[in-house]
Number of protein chains: 2
Amino acid sequence: MRPESRKQEIINAAAILFKEKGYSAVTMRDLAKAMGIKAASLYNHIQSKQEILSTIIIGLAEEFTVGMNKIVNSDENTIQKLENIIDLHIDVTLRNADGLASLNNDWMHLEEDNLQYFEKMRQEYEDNFRNIVKKGLEKGEIKPYNIEIMVFSTLSTLRTLYLWYPEQKEIDSDILKRDMISVLLKGVA
Amino acid sequence: MRPESRKQEIINAAAILFKEKGYSAVTMRDLAKAMGIKAASLYNHIQSKQEILSTIIIGLAEEFTVGMNKIVNSDENTIQKLENIIDLHIDVTLRNADGLASLNNDWMHLEEDNLQYFEKMRQEYEDNFRNIVKKGLEKGEIKPYNIEIMVFSTLSTLRTLYLWYPEQKEIDSDILKRDMISVLLKGVA
DNA sequence: AAACAAAACTAACAATTGTTAGTTTGATAC
DNA sequence: GTATCAAACTAACAATTGTTAGTTTTGTTT
């Protein structure tokens, strides 16, 4: 286990606090206390509170963008693509559940350039998702319900995984993937 | 349309701002500006910023509690009960989408008594939901997937409706209910 | 027109915010 | 043992925060 840089330790601690109270409610003094140092000392490692937030969010957003592009450019069928998207979300969630809280709830506190960059990535991600569902519907691979409702319900479940999965210590990640695919694609009734 | 009290107007304006930036990032001066008055004038109508938050959240939480209790105590079968829960969420979302943002994202900023009260209601709501699914599974009315995954995926979709539905002006609420029930209960594949 | 209440205002407060400047500590390298 | 450098510290700042006190405006009722 290679030792993390002090900067990364600070970012990890911040992600936990941001998850608990949100970016705006966490002060640099809160973060310093969590690290066992004084607030001013944080600035030996980071440039600003904003830098912490953008590091967390932009990194994750780029992970999703890269993952989605691979899936879009593959030659698998619709169902397999949807399964791979579910996989992607579960993988990222297992690796950085805390950061996903910021991605989901605090992206609007990003400043100018990063905010635009983030919104562009999110838009493209949703468009890619929507197009996969649309093509699957045309090819008859999935049922003819309203596209927006299918996209929304699937995406909102995957986006909220970070809140729920870390609590469920009993469930193995492979079992989660299997049952998640079943529930999202085949329904419960 | 009976004229709303000034207090209620302030609470509605606050809910919109809380939805956009979160409770902690909205200042009383922001809220005053949205109302076209000065911050100090707000205090002729409300007691504190905290009172605004708790009014929004506790009211909604009680609506869900009352609605869920009616469903639990009805003698309908599992699928019908799940349909009624979907209905409940859609109804509340249509009536107060802005307030639901606070319920979902800012409940942790409630203070002592209200925080405990809220957490108790949320716990009981989730327990009721889980028990309905569990009973349906025992009676063979729904498929034998992992209960937590079914509860979580359904609930996360319903809880996030507020983010999405107000944007979809094309979709009629009855059609939404029908397709939502289809997607959540019968799957897409 | 006088009285009253509702709702706005100005001015200020004490506390907290992110951040900077300058200094001290502690370990490693020479 | 001295130089070096990362990483901590103390002290302070200007701005912003929720809120209070006291006053003026506005509109309605008598």
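Worth saying up front: this structure is predicted, and the values here are computed from it rather than measured. By convention in this document, chain letters (A, B, ...) are assigned in the order of the sequence lines, proteins followed by strands, and residues within each chain are numbered from 1.
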Rounded distance in Å - CD1 (B:I37) to P (D:dT19) = 14 Å

Measure from the side-chain heavy atoms of B:A39 and tell me the nearest of C:dC9, D:dT19, D:dA7.
-> D:dT19

Checking D:dT17, C:dA8, D:dA11 against the side chain of B:N44 (C-beta onward), the nearest is C:dA8

Given atom CD of B:Q50 and atom P of D:dT19, what is their separation to the nearest angstrom?
-> 9 Å

Nearest-angstrom distance from the residue atom CD1 of A:I46 to P of C:dT20 | 10 Å

Lys/Arg-Asp/Glu bridge criterion (N-O < 4.0 Å) met for B:D179, A:K143 | no

Selection from C:dA8, C:dT19, C:dT20 that lies nearest to any side-chain heavy atom of A:A40 | C:dT20

Between B:K49 (NZ) and D:dT17 (C1'), how many Å, whole number?
-> 8 Å

What's the CD-C1' distance between B:Q47 and D:dG18, to the nearest Å?
-> 14 Å

Validation row: A:F152, B:L161 side chains within 4.5 angstrom (heavy atoms) = yes

Answer yes or no: is there a donor N or O on one side and an acceptor on the other, between the side chain of A:Q80 and the main chain of A:N77, under 3.5 Å?
-> yes

May I ask you to say what A:S41 touches in the nucleic acid, namely base, sugar-phosphate or nothing, with a heavy-atom cut-off under 4.0 Å?
-> base

Taking the side chain of B:Y43 as heavy atoms from C-beta outward, which of D:dG18, C:dA7, C:dT19 is closest to it?
-> D:dG18

Rounded to the Å, how far apart are A:H45 NE2 and D:dA6 C1'?
-> 8 Å

Kindly say whether A:F64 contributes a backbone atom to a donor-acceptor pair with the side chain of A:H89 at under 3.5 angstrom?
-> no

Any ion pair linking B:R130 and B:D127 (charged N to carboxylate O, less than 4.0 Å)?
-> yes

Please report, rounded to the nearest Å, how far the P atom of D:dT17 is from the OH atom of B:Y23.
-> 13 Å

Whole Å only: how far is the CZ atom of B:R6 from the P atom of C:dA8?
-> 4 Å

Residue B:M28, side-chain atoms from C-beta onward, closest of C:dT10, D:dT10, D:dG18 = D:dG18

